Amino acid sequence: MDVSAIKEQFPILNQEVNGHPLVYLDSSATSQKPVSVIEAVNNYYREDNSNVHRGVHTLGTRATDKYEGAREKVRGFIHAESTAEIIFSRGTTTAINTVASSYARANLTAGDEIVITPMEHHSNIIPWQQAAKATGATLKYIPLQADGTITLEDVRATVTDNTKIVAVTHVSNVLGTVNPIKEIAKIAHENGAVILVDGAQGAPHIKVDVTDLDCDFYTFSGHKMCGPTGIGVLYGKREHLENMEPVEFGGEMIDFVNLYDSTWKELPWKFEGGTPIIAGAIGLGAAIDFLLEVGQDNILEHEQKLADYAMEQLRTIDGMTIYGPEKRAGLVTFNLDDVHPHDTATVLDSFGIAVRAGHHCAQPLMKWLEVSATARASFYLYNTNEDIDSLVDGLLKTKEYFGNGFK
Amino acid sequence: MALNNLDTLYRQVIMDHYKNPKNRGNIDGDAMTIDMNNPTCGDRIQLQMQVEDGIVKDAKFDGEGCSISMSSASMMTQAIKGKKVEDAVKMSHAFSDMMLGKDIDTEEFDLEDIEALQGVSKFPARIKCATLAWKAMEKGVNED
Ligand SMILES: Cc1ncc(COP(=O)(O)O)c(C=O)c1O
């Protein structure tokens with residue numbers, strides 16, 4: 001994989017920030033976009049823009065073909081059986097909320113259980129808290145090991161006959177933990193439960209085969225995988241989606257509308273009320289083309305090397321704490337002794353290095369780590385070992401700066 | 001040195017308040033308690049104030065956060081102690097103006113150490129850190 005050639009396809013990376021070449025280490029928050037994606041969105045607006053699924057004119061047909069073509073690309077990307085199972089949404093958050101509002105409200109009653117983990121992003125916690133409150137179901141957590149992983153024994157011990165939904169993240173956005181989804185899905189099914197996977201940090205980095213994983217729902221966001229913001233995907237097994245009520249009602253999603261009653265379109269459109277995210281979907285399709293061309297295996301291998309190198313280099317810094325397991329996805333969450341992560345991030349920014357600092361939308365996990373905030377460097381296909389060297393250099397300067405009392 | 005632009009943000013006085021905060025802890029006895037956090041980054045503060053006859057008799061804080069939020073809390077509690085509530089609120093407004101980069105009347109407000117936080121206005125991402133304690137104080141006196 002030729003990283004410098006890849007990097008050239010990301011115009012935003014070719015700039016100086018605060019007088020230094022930009023080192024972008026915040027792809028877990030959102031990834032940068034290659035020219036092909038920017039152009040796909042641009043060309044759509046320049047040449048094809050029109051509403052979809054309505055009207056007879058040529059632009060309408062072109063827009064519809066591109067929009068539905070993007071759905072087919074997503075289907076292939078995650079190896080779903082049918083495009084009926086691919087619902088475009090605003091992102092992971094909206095996708096999870098759709099399942100929590102529709103499936104969960106219809107299928108849970110008092111005494112039932114929803115099982116999640118303490119490493120979830122807020123968007124895979126709060127929808128379940130709300131669903132539990134609305135239905136009288138109980139929310140349960142699979143405990144974490146000291147290194148921030150979960151064991152299948154604990155999954156088995158937590159998931160019971162009363163469990164109706166298991167919702168877990170594919171990859172933790174803080175710890176980098178990669179969860180054994182296929183095995184967890186099996187345990188969920190043995191107990192008669194369905195499994196929803198938060199794939200926000202999975203799909204951008206790991207080959208996803210929803211049929212092989214046998215997950216009931218898989219959710220992800222386009223903006224973390226080189227696509228535009230505002231587009232994401234809810235994959236659901238057809239048998240579930242068929243039985244679920246839509247959560248948004250209006251145009252696009254209807255079959256017949258009478259004065260007092262209406263019927264819904266078939267899948268997937270019954271879940272896509274209103275004018276859909278046409279440009280976003282087309283941009284996501286281009287992002288999928290881009291990732292497939294580079295090769296998902298190549299990307300993963302590259303990220304793995306970056307993560308290993310980053311761990312090795314960061315460990316050489318005195319007073320460095322790294323959170324999460326040894327075997328991890330392409331991100332490192334850390335703290336420097338006696339320097340608050342906001343301060344670390346501000347100093348790094350003055351050297352053009354972008355990292356995330358804060359609670360990473362995972363307050364329960366921060367509590368478990370016994371910290372109020374952390375810093376995080378996350379990697380993608382355009383990052384290099386030199387980026388990590390810059391990070392280490394910046395961190396040494398941060399330490400010096402704070403250690404000497406800003407002198 | 002490249003760190004120079006940082007020096008407008010991180011001043012020695014800030015470091016002193018961060019490392020050795022004033023008024024950190026709890027007030028014994030009757031006091032109003034305000035909890036406030038910055039949900040985007042996780043900084044949190046618990047501010048306690050004793051107000052008698054419209055005067056801030058005592059103020060203490062506890063919490064977790066970066067050098068900017070914690071030093072600002074230290075300076076704020078120091079500044080409002082002994083002040084009339086209305087003057088404390090005026091000062092808070094002046095502080096907000098300072099964060100927006102506006103000139104403020106240093107004759108009217110004896111800012112002392114607080115002036116060291118002026119550089120925060122050049123770092124938009126950090127302004128909320130600096131204003132957290134002041135917002136907590138305003139919330140407290142408004143609810144009182
Ligand atoms: C693990 C995880 N889940 C969910 C989300 C939410 O994604 P979005 O904000 O795109 O809906 C994120 C994004 O930060 C994430 O990292």
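To find a chain, count down the sequence lines: A is the first, B the second, and so on, and within it residues start at 1. All of these numbers come straight from a predicted model, not from anything done at the bench.
B:D43 places a side-chain heavy atom less than 4.5 Å from the side chain of A:H342.
When the heavy atoms of residues 120-132 of chain B are compared with those of chain A, the residues falling under 4.5 Å are B:F123, B:R126, B:C129, listed by number. Scanning residues 363-373 of chain A against chain B with a 4.5 Å heavy-atom cutoff picks out A:Q363, A:S372, A:A373, ordered by number.
No hydrogens or angles considered: nothing links the side chains of B:Y18 and A:D338 as a donor-acceptor pair under 3.5 Å.
Atom CZ of A:R90 has 12 or fewer neighbouring heavy atoms from other residues, nucleotides or ligands inside a 6.0 Å radius. The environment of CG in A:D318 is sparse: at most 12 heavy-atom neighbours from other residues, nucleotides or ligands sit within 6.0 Å.
Atom CZ of A:F351 is separated from atom CG of B:L6 by 6.5 Å, given to the nearest 0.5 angstrom.
In this structure, A:D343 contributes its side chain and B:C66 its backbone to no donor-acceptor pair below 3.5 Å.
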